[in-house]
Amino acid sequence: METLNNSSSRYECLLFDLDDTLYPLSSGLSKACANNIIEYMVQKLGIEENRVVELNQVLYKTYGTSMAGLKAIGYDFDNDDYHRYVHGRLPYKNLKPDPVLRNLLLSLPLRKVVFSNGDKVHVAKALKRLGIEDCFERIISFETLNPKSSEVSCGGSYLPTTPVICKPAKIAFEKAFEIGQIDPHKTLFFDDSMRNIQTGTAMGLHTVLVGKPEKVKGADYALENIHNIKETFKELWSESYKKKSESVNRTRKLC
């Protein structure tokens with residue numbers, strides 16, 4: 001595990017993915033989500049059962065999320081209905097309060113932002129179950145990247161003027177930077193997806209692959225678990241960061 005030891009204050013913001021990053025893959029939410037997506041494709045969209053698993057894998061690998069892929073190949077469905085079906089039945093009871101993570105986040109003297117492909121209801125539920133809903137300055141979710149105001153009326157129906165925007169697409173990162181007022185060159189980005197990490201690196205972010213004990217090609221750092229953040233990034237708790245954070249906060253209040 002590589003340790004950060006630069007004595008200067010390199011970072012101003014910590015950007016966190018949610019699913020399988022702020023809570024572990026072992027929670028079972030990702031597996032349940034994948035099953036719900038397959039059910040939705042069969043029950044709601046009428047896709048044949050014998051091809052749905054393979055199609056779902058292709059769409060996810062190609063477009064970043066199954067939803068984005070389904071939209072791209074022509075399926076028309078309500079975004080909120082999809083999220084209610086796919087996320088609304090997840091076993092959130094598997095997520096328990098995480099006081100260790102809460103204390104780590106609250107003690108970090110930097111801006112902290114969540115950047116998730118999930119819808120705002122899912123993000124809010126997961127963060128609340130973990131007991132960290134008040135640890136972040138901002139939440140960037142599906143609705144943030146895909147506001148309903150971007151849809152236009154056409155013959156009584158609503159058609160998006162752009163396809164679904166989500167990680168790992170560069171435009172998703174660009175919008176997140178703009179909305180969150182984030183300088184990628186001064187930001188640490190934590191995500192469990194290697195594709196998201198690769199895009200993040202290409203966009204200038206300092207990247208941390210979560211869920212891996214050793215650094216892999218394309219990521220700047222690796223954490224086996226988000227709880228390992230302090231042992232890897234001890235500098236973030238240094239006095240120089242505390243002073244810098246206080247200065248930034250005073251400046252922002254004056255603006």
Side-chain angles (χ1 to χ4, degrees), residues 1-27 29-31 33-34 57 60-66 68 98 100-101 104-105 108 110-118 123 126 130 132 135-136 138-141 145 165-178 180 182-238 241:
M1 183 181 295
E2 186 173 347
T3 302
L4 180 70
N5 55 18
N6 192 326
S7 60
S8 63
S9 300
R10 299 173 59 189
Y11 307 114
E12 294 179 351
C13 181
L14 304 179
L15 188 62
F16 294 92
D17 174 49
L18 170 64
D19 300 308
D20 303 331
T21 298
L22 290 176
Y23 64 83
L25 178 65
S26 59
S27 68
L29 263 69
S30 287
K31 183 177 180 180
C33 185
Q57 290 174 345
Y60 179 79
K61 289 178 181 179
T62 304
Y63 294 98
T65 68
S66 302
D98 191 339
V100 173
L101 178 57
L104 286 170
L105 291 170
L108 277 162
L110 294 91
R111 297 180 60 210
K112 293 171 284 289
V113 178
V114 171
F115 178 25
S116 173
N117 282 337
V123 175
L130 293 169
I132 57 174
C135 294
F136 302 94
R138 183 165 195 131
I139 307 297
I140 297 174
S141 66
L145 300 176
I165 296 174
C166 63
K167 294 181 290 183
K170 288 186 177 181
I171 189 174
F173 285 81
E174 290 170 350
K175 289 193 71 172
F177 298 159
E178 180 183 1
I182 294 168
D183 180 350
H185 301 288
K186 296 181 180 180
T187 300
L188 267 176
F189 172 52
F190 299 80
D191 202 299
D192 68 293
S193 165
M194 194 60 222
R195 288 182 305 161
N196 295 344
I197 289 292
Q198 289 171 339
T199 303
T201 299
M203 300 294 289
L205 290 162
H206 301 264
T207 55
V208 186
L209 182 63
V210 179
K212 298 291 183 181
E214 301 292 338
K215 189 176 78 170
V216 298
K217 185 177 180 181
D220 296 313
Y221 304 96
L223 293 179
E224 188 169 8
N225 187 290
I226 196 65
H227 290 169
N228 301 130
I229 186 173
K230 193 166 187 177
E231 64 185 87
T232 304
F233 300 102
K234 292 179 182 178
E235 180 195 350
L236 300 181
W237 281 264
S238 68
Y241 271 101

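FYI, the numbering just counts along the sequence from 1.
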Atom pair OG/CG of Ser116 and Asp19 - distance to nearest 0.5 Å = 5.0 Å
ask   = Roughly how far apart are Leu25 CG and Tyr23 OH, rounded to 0.5 Å?
value = 9.0 Å
note = Heavy-atom closest pair (Ile182 atom, Ala176 atom, distance to 0.1 Å) is CD1-O, 4.0 Å
task = Determine whether Met203 and Phe177 make a side-chain contact, defined as any pair of heavy atoms from C-beta on separated by less than 4.5 Å.
result = yes
message = I'd like to check Lys175 versus Ile140 (side-chain heavy atoms, cut-off strictly below 4.5 Å). Are they in contact?
response = no
key: Leu188 side chain reached by Leu236 side chain, heavy atoms, under 4.5 Å   = yes
ask   = What's the spacing between Thr201 OG1 and Met194 CE if we round to 0.5 Å?
value = 6.5 Å
key: Rounded distance (nearest 0.5 Å) linking atom CG of Asp191 with atom CG of Leu205   = 10.5 Å
Nearest atoms (heavy-atom pairs only) where Leu18 meets Ala126 = CD2-CB, 3.9 Å
query = So, does His206 use its side chain to make a donor-acceptor pair with the main chain of Phe189 at under 3.5 Å?
reply = no
inquiry  = Please find the pair of heavy atoms, one from Val123 and one from Ser141, that lie closest to each other, and give the distance.
reply    = CG2-CB, 4.4 Å
ask   = Between NZ of Lys167 and CD1 of Ile197, what distance do you get to the nearest 0.5 Å?
value = 9.0 Å
message = Given 3.5 Å as the limit, does a donor-acceptor pair link the side chain of Thr199 with the main chain of Ala169, or not?
response = no
Heavy-atom pair with the smallest gap, counting every atom of Lys212 and Ala222 = O-CB, 3.5 Å
Short side-chain to backbone donor-acceptor contact, Arg195 and Lys61, under 3.5 Å = yes
inquiry  = Could you check whether any side-chain heavy atom of Phe233 comes within less than 4.5 Å of a side-chain heavy atom of Leu14, counting everything from C-beta outward?
reply    = no
Flag, side chain of Lys186 to backbone of Glu12, donor-acceptor distance under 3.5 Å = no
task = With the side chain counted from C-beta on, respond yes when Tyr221 and Thr207 share a heavy-atom pair under 4.5 Å apart, and no when they do not.
result = no
remark   = When every non-hydrogen atom of Ala202 is compared with those of Lys170, the smallest separation belongs to CB-CE, 4.5 Å
task = For the residue pair Phe190 and Phe16, categorise the inter-ring angle as parallel (less than 30°), tilted (30 to 60°) or perpendicular (more than 60°).
result = parallel
inquiry  = Using 0.5 Å steps for rounding, measure from the CG atom of Asp20 to the CD1 atom of Ile226.
reply    = 12.0 Å
ask   = Can you name the nearest heavy-atom pair linking Ala68 to Cys166, along with the distance?
value = CB-SG, 3.9 Å
request  = Taking the side chain as every heavy atom from C-beta outward, state whether Leu101 and His227 have any atom pair closer than 4.5 Å.
outcome  = yes
message = If we ignore hydrogens and angles and just use 3.5 Å, is the side chain of Tyr241 paired with the main-chain N or O of Arg10 as donor and acceptor?
response = yes
query = For Pro24, which residues count as a side chain to side chain contact (heavy atoms under 4.5 Å, CB included) partner, sequence neighbours excluded?
reply = Ser26
key: Exceeds 12 heavy-atom contacts within 6.0 angstrom, atom CZ of Phe136   = yes
